[in-house]
Asker: 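A single structure is presented below for examination.
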Amino acid sequence: MVKPDLIFSVSWEVCNKVGGIYTVLSTQAKELQCQSGAVLVFIGPDLNRQETNDLLIENVNLYPDLRKNLQEKYNIRIRVGRWNIPSYPIAILVDFEAVYALKNQIYAQAWDLAKVDSLHAYGDYDEASMFSYAANLVAAEYYDLYIDADEKVVYHAHEWMTGLGALFIKSTHPQIATVFTTHATSIGRSIAGNNKNLYQYFEGYNGDQMAMELNMESKHSVEKCTAHGVDCFTTVSGITARECTQLLDIEPHVVTMNGFEDDFLPSLEQFSNKREAARKRILTVANKLCGTDWDDNTTIIATGGRFEFRNKGIDMFLDAMKDLKNDSACVGNRVIALVNVPAWVDVPRNDLIQRLESNEQYKSPLPAPYFTHTLNNFDQDKIVSKMNWAGLINRPDDNVKVLYVPCYLNGNDGIFNLSYYDLLIGHDIALFPSYYEPWGYTPLESSAFSIPTITTDLAGYGIWVNSVLGRYGELHDGVKVVHRDDTNYQQAVSDIKNTIAGWIRMTPAQKNKIRKAAGTMARKALWKHFIKFYLDAYAFALQKNENNTKLN
């Protein structure tokens with residue numbers, strides 16, 4: 001297998017915690033370096049500019065010629081150092097502000113080069129494109145300064161935000177092999193997010209037509225043109241590969257599934273203490289909010305992720321909780337269900353903080369005892385509206401209490417004051433009934449923490465679990481995969497409710513066995529198993545690039 005000597009990995013989420021791509025890149029770096037033997041250089045946006053970025057260990061003595069040349073040639077400033085993650089790979093953060101002066105010229109060149117249509121650009125398209133172009137200049141200058149002609153170099157662009165740069169570097173430095181990964185097609189996500197049936201009419205969708213209808217022409221255009229223009233096009237799961245084939249008119253060359261590293265998991269010695277602390281905090285918050293005195297026999301369930309109400313299955317989660325309230329399994333049993341979804345949060349509830357600071361046991365609930373932080377748009381929030389409609393407002397006699405946690409769990413939210421992982425470890429069941437989920441790190445992470453997890457067969461992770469088992473995953477496998485499509489919403493809700501009810505009825509020994517199965521399943525998705533797909537993509541790109549170079 002042909003291996004690269006240098007990999008430029010370009011993403012908006014380098015040293016920038018936004019979503020799943022940050023997890024992909026930060027967790028894969030160590031294994032990628034180990035198995036490829038390549039120098040790994042990450043390029044991301046310098047969004048803080050002169051402010052300190054805790055994720056970058058800056059080294060002002062690294063690559064002085066690169067700094068000097070970029071400043072003199074393009075007025076581009078960079079910060080260079082090590083990404084503060086395991087293996088500490090090189091990271092270059094680009095201040096792309098100066099590139100805006102060339103925006104119209106860049107868009108004209110992109111049209112001439114690859115027919116990228118930037119005419120209908122709006123929102124974050126300009127910002128992403130200017131970063132993408134600047135990143136290409138950084139990589140090109142780095143190559144010219146430090147790389148020998150016989151070295152094999154790959155430029156790997158992640159998601160549509162970096163596609164423009166991949167096209168430009170292929171034009172100016174054809175000896176660099178290019179790889180483009182779409183982690184979710186912009187148009188597929190938009191179709192699903194606009195409440196259209198993505199799957200029922202899948203074969204009838206035309207990506208270009210839907211981009212016009214949904215005002216997504218520019219993002220779709222750069223994504224499609226990059227997919228067709230690079231040496232190797234990849235995506236993260238079989239379900240998204242099918243989506244790319246239909247909507248981008250190209251079948252991915254390689255499917256690069258998302259793995260994880262287990263170095264973020266607590267040791268066996270720490271696990272029990274962390275789980276106990278998380279459960280204690282969840283129960284304390286719920287009891288103070290709702291005026292209850294529920295103990296550790298309570299079942300704790302949670303969902304989480306970005307605020308994509310339908311795509312992430314938040315609607316289905318709440319409907320399942322509504323039905324669970326009326327299930328016989330909850331007679332004499334108690335359930336706390338957390339909706340950990342960051343929203344337009346205002347501040348932590350002061351009345352809840354006052355109760356948390358008191359040792360008093362309260363016997364009456366706070367007003368509206370179903371959210372932990374106030375919102376700037378309370379009356380327009382979809383989760384609040386759905387909870388009110390479903391009657392999930394935590395009446396005193398409700399044995400299922402739903403808590404809306406609309407903040408980032410960064411350890412300093414004012415209520416839980418625990419990080420996402422430190423809170424996750426306290427759950428009994430994690431539920432992610434996604435409608436649109438190219439991979440699904442949240443269910444993978446939950447099962448890695450030995451939390452039995454429910455997902456769907458519209459999520460890449462769920463499909464992978466089914467492929468490992470050769471059948472649909474059941475709860476005793478550690479991961480339950482619910483069938484979901486455009487026509488069976490209520491059946492899927494019922495399957496989820498019945499699965500949770502079954503868990504509540506199990507013995508402690510049965511539950512412990514399932515917890516172990518969840519952890520075992522997750523370990524099959526470690527990067528040491530999955531990094532080979534990236535190596536396949538790089539080998540494909542290098543070989544294709546070499547063949548094209550010989551032809552030219």
Side-chain angles (χ1 to χ4, degrees), residues 4-18 21-22 25-26 29 32-33 38-85 87-103 105-106 109-110 124 126-148 151 153-159 161-173 176 178-180:
D5 299 301
L6 170 70
I7 302 166
F8 292 113
S9 190
V10 186
S11 171
W12 187 260
E13 299 190 30
V14 170
C15 297
N16 179 30
K17 282 187 178 181
V18 177
I21 299 175
Y22 180 93
L25 300 181
S26 62
L32 182 56
Q33 283 183 314
V39 174
L40 192 53
V41 177
F42 285 98
I43 303 176
D46 188 3
L47 300 176
N48 296 320
R49 293 189 167 84
Q50 299 308 310
E51 296 179 21
T52 301
N53 185 334
D54 293 337
L55 293 170
L56 179 71
I57 304 172
E58 194 167 358
N59 184 344
V60 295
N61 298 315
L62 199 58
Y63 303 137
D65 294 338
L66 182 62
R67 297 171 187 272
K68 178 175 177 289
N69 287 9
L70 288 168
Q71 180 76 59
E72 291 179 353
K73 288 183 179 181
Y74 312 109
N75 196 27
I76 288 176
R77 292 178 296 176
I78 60 172
R79 286 200 279 181
V80 186
R82 299 282 177 171
W83 194 350
N84 193 9
I85 57 176
S87 79
Y88 300 101
I90 296 167
I92 302 174
L93 302 188
V94 190
D95 182 350
F96 52 91
E97 190 69 25
V99 180
Y100 276 97
L102 304 172
K103 183 180 73 171
Q105 178 184 334
I106 292 168
Q109 289 177 337
D124 56 354
D126 286 343
E127 185 179 42
S129 297
M130 296 306 99
F131 159 66
S132 182
Y133 182 78
N136 133 76
L137 296 178
V138 172
E141 195 64 33
Y142 185 107
Y143 184 93
D144 292 342
L145 281 170
Y146 306 118
I147 304 302
D148 295 331
E151 291 186 87
V153 179
V154 168
Y155 185 97
H156 191 163
H158 292 270
E159 204 68 330
M161 290 88 83
T162 60
L164 206 65
L167 294 171
F168 273 98
I169 200 132
K170 185 174 177 64
S171 172
T172 61
H173 290 67
I176 297 178
T178 50
V179 178
F180 173 57

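Here, residue 1 is the first one in the sequence, and each next residue gets the next number. In this text the structure is predicted, and so the values were computed from the model without any measurement.
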Asker: Would you give the length of the straight line joining atom CD1 of I78 to atom CG of L62, rounded to the nearest 0.5 angstrom?
Answerer: 9.0 Å

Asker: Drop me the distance from I21's CD1 to S26's OG, to the nearest 0.5 angstrom.
Answerer: 11.5 Å

Asker: Are any non-hydrogen side-chain atoms of N16 and L55 less than 4.5 angstrom apart?
Answerer: no

Asker: Does the side chain of K103 come within less than 4.5 Å of Y133's, by heavy atoms?
Answerer: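 Y133 does not reach K103 side chain to side chain.
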
Asker: Would you find a donor on one side and an acceptor on the other, under 3.5 Å apart, between the side chain of R82 and the backbone of Y88?
Answerer: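 It does hold such a pair.
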
Asker: Quick check on side-chain contact (heavy atoms from CB on, under 4.5 Å): which of F42, F180, Y155 does V10 satisfy it with?
Answerer: Y155

Asker: Compute whether any side-chain donor of one residue and acceptor of the other, for H173 and N136, lie under 3.5 angstrom apart.
Answerer: no

Asker: Could you report the tightest heavy-atom contact between P45 and F96, atom names first, then the distance?
Answerer: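 Where P45 meets F96 most closely, the heavy atoms are CB-CE2, 3.9 Å.
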
Asker: Is the shortest side-chain heavy-atom distance between I106 and L164 below 4.5 Å?
Answerer: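 The answer is yes, as the side chains (C-beta and beyond) meet within the 4.5 Å cut-off.
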
Asker: As an exercise, state the distance from CG of L66 to CD1 of I92, rounded to the nearest 0.5 Å.
Answerer: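 Those atoms lie 5.5 Å apart.
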
Asker: If I take atom OG from residue S9 and atom CD1 from residue I90, how far apart are they, to the nearest 0.5 angstrom?
Answerer: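 These two atoms lie 12.5 Å from each other.
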
Asker: Give me the atom names and distance for the closest heavy-atom approach of Y142 to L6.
Answerer: CE2-CD2, 3.8 Å

Asker: Going by heavy atoms in the side chains, are E159 and S11 under 4.5 Å from each other?
Answerer: no

Asker: What heavy-atom pair brings A166 and T178 nearest, and what distance separates the two atoms?
Answerer: O-CG2, 3.8 Å

Asker: Below 30° counts as parallel, above 60° as perpendicular, anything between as tilted: where do the rings of F131 and W12 land?
Answerer: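 Correct class here is perpendicular.
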
Asker: Within a strict 4.5 Å, meaning less than it, do heavy atoms of the N69 and D144 side chains meet?
Answerer: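 Result no, sub-4.5 Å side-chain heavy-atom pair not found.
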
Asker: From N53 CG over to N48 CG, what is the distance, rounded to the nearest 0.5 angstrom?
Answerer: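 Spacing of CG (N53) from CG (N48) equals 5.0 Å.
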
Asker: Evaluate Y63 against Y146 for ring-ring contact (aromatic ring centres under 6.0 Å, His included), listing each step before the verdict.
Answerer: CA-CA 9 Å; Y63 303 137; Y146 306 118; 5.2 Å; yes

Asker: Is it true that a side-chain atom of S132 and a backbone atom of A128 form a donor plus acceptor pair closer than 3.5 Å?
Answerer: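 Side chain of S132 to backbone of A128, a donor-acceptor pair under 3.5 Å: no, none is there.
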
Asker: What I'd like to find out is whether the side chain of I76 reaches to under 4.5 Å of the side chain of V99, using heavy atoms alone.
Answerer: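 Touching, per the 4.5 Å side-chain cut-off.
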
Asker: So, for D95 and D46, which heavy atoms are closest and what is the spacing to 0.1 Å?
Answerer: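 Scanning both residues completely, I find the closest heavy atoms to be N-CB, 3.8 Å.
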
Asker: List the steps, then state whether side-chain contact (heavy atoms from CB on, under 4.5 Å) holds for Y143 with I169.
Answerer: CA-CA 11 Å; Y143 184 93; I169 200 132; over 6 Å; no

Asker: In Å, rounded to the nearest 0.5 Å, how long is the span from CD1 of I7 to CG of L32?
Answerer: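 Here the interatomic distance stands at 4.5 Å.
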
Asker: Looking at R67, I'd like to know if its CZ atom is crowded, meaning that more than 12 non-hydrogen atoms belonging to other residues, nucleotides or ligands lie closer than 6.0 Å.
Answerer: yes

Asker: Any donor-acceptor pair under 3.5 Å linking the side chain of E127 with the backbone of D124?
Answerer: no

Asker: Which pairs, with at least one residue in residues 52-62 and sequence neighbours excluded, count as a salt bridge (Lys or Arg N to Asp or Glu O under 4.0 Å)?
Answerer: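 Those involving residues 52-62 are E58-R79.
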
Asker: For residues E151 and D148, report the shortest heavy-atom separation together with the two atoms involved.
Answerer: OE2-N, 2.8 Å

Asker: Any side-chain heavy atom of Y22 within less than 4.5 Å of one from I85?
Answerer: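 Side chain of Y22 against side chain of I85, heavy atoms only: contact under 4.5 Å found.
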
Asker: Testing the basics here: between V14 and G44, what is the closest heavy-atom pair and its distance to 0.1 Å?
Answerer: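 Smallest interatomic distance, heavy atoms only, reads CB-CA, 3.7 Å.
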
